[in-house]
Number of protein chains: 2
Amino acid sequence: MAMPKKTKNTKKTSPALQERSSRKTIIDVAKCAGVHWSTVSRGLNPEKRHLISPEMIERVEACAKKLGYRANAMASALRTQRSRTVGVIISNLGDPVHPPIVRAIEDRFAEIGYVTIVGNTDNHPLRQAALIDRFIQQGVEGLIVATFERNDPGIAACVEANIPVVAVFRDPESEFIPSVRVDDAKAMELAVHHLAECGHRQIAHVGGPQNVSTGYHRYRGFRRACKVLAQDGVAPTAVFGEAFTVEEGEFACERLLTENPNITAIVAGNDMLAVGCLRHLRNKGISCPGNISLVGMNDMLFMDAIAPALTTISTPTAELGTQASHILIAMIKGTPVQNDRIVLKPVLLARDSVAAIKLPTRTRSSDLSDAAKREVRIRHRQS
Amino acid sequence: MAMPKKTKNTKKTSPALQERSSRKTIIDVAKCAGVHWSTVSRGLNPEKRHLISPEMIERVEACAKKLGYRANAMASALRTQRSRTVGVIISNLGDPVHPPIVRAIEDRFAEIGYVTIVGNTDNHPLRQAALIDRFIQQGVEGLIVATFERNDPGIAACVEANIPVVAVFRDPESEFIPSVRVDDAKAMELAVHHLAECGHRQIAHVGGPQNVSTGYHRYRGFRRACKVLAQDGVAPTAVFGEAFTVEEGEFACERLLTENPNITAIVAGNDMLAVGCLRHLRNKGISCPGNISLVGMNDMLFMDAIAPALTTISTPTAELGTQASHILIAMIKGTPVQNDRIVLKPVLLARDSVAAIKLPTRTRSSDLSDAAKREVRIRHRQS
DNA sequence: CATTCCCGTGCACACGTTTGTCAAGAAACT
DNA sequence: AGTTTCTTGACAAACGTGTGCACGGGAATG
């Protein structure tokens, strides 16, 4: 056979590869400009551009634009080991609390030319594990995780893979993981104090799952606040939903009211649960705030438009995402991060779902209102 | 053997590269299993696995697991020209219509091992262009875009780059771009007919921007429906917001009512605009539905919980995302796609923001209710 | 004018995979 | 037993880019 043994540049590549080869490479640009492609690489890279003469840069850029050249991010990532990609893991984009967080993260990383990939776990631990795996495999430079449970085993996989991770919205209670969250316990204290000020004494908590830090800390904050006010006759009760959903709130509220028909106020662990409570109350013909007052948490979108406008604790979701991004960016750059345990302050938004009731005997709301009152802003959402 | 002349694998790589080198490669696995790395590659690749003996596969897999090997997606993508990545472009994740769409897309692509990257444009055309550019550069295999305007120039960049694109939620009016959307005109017809049935004759449209297909088609549908019912005395009016936001709805509603104080019903182009209208009405002390009835569109989350519960046209957002994903997956695989112009049916959800008013003279609601009535489902959201 | 220095460019290797080709060994058939 | 067929693993060439190193030429200096 007359075939030479060195048949390198023949059509060895599979047909599938050729199809998309319309994409221009650095070599095409070099050919167009009549220079070596390494020169093109430097001319197009802002950090190495100073090595190249200005007119050469101009020539290269002109050719690149003419050919519609776009650098191949995969090749670049492979060579530099930097994918310019971060991952965000949440339980469910459909939950209105998450989109603002993700939005803020995407914004911050877009600013530095990074791309954001998202994944939903629906609170399945193994789906979370699979997601983290896929993202690491994909080469993410960092991860922002909103689904960590307390002492989550999934954390191990991340630190083992030596990839920067920050927890947002939850407290992983791990010394290795920076976190950004709101002061959940404080939030519940605000709610309880507000209700006590309004004369409520039989206060119940409709909480979320206790294996996630938000549910746990909020319940603790609720109990602590009640204990502080025990001298005033504040008596706590609590039921828990299996998840932070409207349905679970509805069920939990039903259980609560059958077991404790005499409560006058509910602190929900979440606006979702609060909406569930509201639905149950409406179904049973119980007036809110006429018969029972209700406080939610997070101030999700439209919580000021529902009936009754929900008194709730606002959570700065966008700020959460922004702060988490700042930390992660610092970690990626290798910059030392000064404060990696950020706890934001919650604010009570007094609206229409809480009513004052007549105090039974002595009135001593004055001394407990002192500290609490400063935290309260009576305002409706403007934006 | 003492020092071969081949000293290639010396420490030539920059220190930055070495840091992360804790990551195991296919070579580590091969060394562990005592075979050539090509064998490892095939043993781990389901499609080529049949070329390898079962016990060898087992050995390779054991080593891979032992070392915690994760294939480098970037290298794989570079070699195969397939990144297993898709991009989703929306205007704003903070708009409650979008998250369910994105969620559905992420789900569908996760099923086939793909990763989803998202980007927000805030309706800036150049930000959209930049985003498309970044995504293509990133090597996405396909794009789902929810921000195309009518005859959007950004489409050109996509088809030129020879990358599959499908438009969702909007109609790009381009022959090259498959699309999945709801029948906007039909939706407005449902609304107008419903109002007419309830006795309304002075019906106004608070519409969105006319350069986006949704705003445009909804206005056209509104006008068409009014024209059909002109014999019954239905008179149309219209004002437009600059964007689909609550604020724009508020302003538009104000303009509408100062210019046309005698209207009795409003068809909003969007639930956001509807909520804006509601806010203006409340501020002015105008009762809804007492004085003015209101119909929204999309049935965003909590639209059944606001006051009054909003009568609106439901949009199957998740279905939108799912259908778009199916089309895009087919395009990526190269499978011919049978129907690439999907138009889903809207459904009217009658709730509390529409009230019947006494008809002025002759009552002939019977004949126009025949066709319309079948489309109406009186139900409140269950989930 | 000769030497030194520096600036700009070209060369070649490496990043970690996938995959066409091929040689060697086992099995099966004549 | 010899030959063919089949199985299995090894080899090496890419994918497109970044970057250390070497080299060439012009300017500056003695």
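Chain A is the first sequence line, chain B the second, and so forth, proteins listed ahead of strands; every chain is numbered from 1.
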Between B:Leu78 and B:Trp37, whichever has its closest DNA chain D nucleotide further toward 5' is B:Trp37
In numerical order, the residues of residues 57-65 of chain B whose heavy atoms come under 4.0 Å of DNA chain C are none
Phosphate OP1/OP2 of D:dG16: any B:Gln81 side-chain N/O under 4.0 Å: yes
All side chain to side chain donor-acceptor pair (under 3.5 Å) counterparts of B:Thr116, not counting sequence neighbours: none
Can you sort out the partners of B:Ile57 under side chain to side chain contact (heavy atoms under 4.5 Å, CB included), two or more places apart, ordered by chain and number? B:Arg49, B:Ile52, B:Glu61
With respect to the side chain of A:Lys48, which nucleotide from C:dT19, D:dT19, D:dT17 is positioned closest? D:dT19
Could you check how far CD1 of B:Ile27 sits from P of C:dT18, rounded to whole Å? 12 Å
Kindly point out which of C:dT19, D:dG16, D:dG18 is positioned nearest to the side chain of A:Arg79? D:dG18
Measure NZ/B:Lys24 against C1'/C:dT17 and give the value in whole Å, please. 18 Å
With sequence neighbours left out, what residues match A:Ala324 under side chain to side chain contact (heavy atoms under 4.5 Å, CB included)? A:Ile144, A:Val166, A:Val168, A:Val180
Does OP1 or OP2 of C:dT18 have a side-chain N or O of B:Thr80 closer than 4.0 Å? no
For atom CZ of A:Arg49 and atom P of D:dG18, their distance in whole Å: 12 Å
Could you list, one pair per line, each protein nitrogen or oxygen that sits under 3.5 Å from a nitrogen or oxygen of nucleotides 24-28 of chain D, together with the distance?
none

Sort me out a list of protein N/O and nucleotides 6-9 of chain C N/O pairs below 3.5 Å, or just none if empty.
residue : atom : partner : partner atom : Å
C:dT9   : OP1  : A:Ser53 : OG           : 3.3
C:dT9   : OP2  : A:Ser53 : N            : 3.2

Check whether any side-chain heavy atom of B:Val86 sits under 4.5 Å from a side-chain heavy atom of B:Ile332, and report yes or no. yes
Quick check on C:dG16: is either OP1 or OP2 less than 4.0 Å from any side-chain nitrogen or oxygen of B:Thr25? no
In degrees rounded to 10°, what angle is found between the helical axes fit to the five outermost pairs at each end of the helix from C:dC1-D:dG30 to C:dT30-D:dA1? 50°
Would you please confirm or rule out a distance under 4.0 Å between OP1 or OP2 of C:dG16 and any side-chain N or O of B:Tyr69? no
Tell me the interatomic distance from A:Asn72, atom CG, to C:dC15, atom P, rounded to whole angstroms. 18 Å
Which donor-acceptor pairs under 3.5 Å do side chains of residues 32-45 of chain A form with protein atoms, sequence neighbours excluded?
residue : atom : partner : partner atom : Å
A:His36 : ND1  : A:Ser38 : N            : 3.2
A:His36 : ND1  : A:Ser38 : OG           : 3.0
A:Thr39 : OG1  : A:His36 : O            : 3.4
A:Asn45 : OD1  : A:Glu47 : N            : 3.0

Send over the distance from A:Glu47 CD to D:dT17 P, rounded to a whole Å. 17 Å
Measure the spacing between CG of A:Asn120 and CG of A:Leu131 and express it to the nearest 0.5 Å. 8.0 Å
Under 4.0 angstrom, heavy atoms only, what part of the nucleic acid is A:Ala71 near: base, sugar-phosphate, or nothing? sugar-phosphate
From CZ of A:Arg23 across to P of D:dC15 the rounded distance in Å is 14 Å
Under 3.5 Å, side chain of A:Asp107 to main-chain N/O of A:Ala104, donor-acceptor pair present? no
Those residues at least two apart in sequence (or on a different chain) that pass side chain to side chain contact (heavy atoms under 4.5 Å, CB included) with B:Lys333 are B:Ile329, B:Thr335
Does anything in residues 159-169 of chain B pair up under salt bridge (charged side-chain N to carboxylate O under 4.0 Å, His left out), and if so which pairs, sequence neighbours excluded? none
Sub-4.5 Å side-chain heavy-atom contact between B:Thr147 and B:Asp152: no
Mind telling me whether B:Phe109 and B:Tyr114 have parallel, tilted or perpendicular rings, with 30° and 60° as the class edges? tilted
Over how many whole Å does the gap from B:Arg84 atom CZ to C:dT17 atom P extend? 15 Å
CG on B:Leu93 to NE2 on A:His98, rounded to 0.5 Å: 12.0 Å
Side chain to side chain contact (heavy atoms under 4.5 Å, CB included) involving A:Asp122 - partner list, sequence neighbours excluded: A:Asn92, A:His124, A:Arg127, B:Arg103
Please enumerate all residues that pass side chain to side chain donor-acceptor pair (under 3.5 Å) together with A:Glu111, with sequence neighbours excluded. A:Arg108
Let me see the working for A:Ile132 and A:Phe135 under side chain to side chain contact (heavy atoms under 4.5 Å, CB included), right down to the final yes or no. CA-CA 5 Å; A:Ile132 290 178; A:Phe135 281 12; 5.8 Å; no
Starting at atom CG of A:Asp28, determine the distance to atom P of D:dC15, rounded to an integer number of angstrom. 11 Å
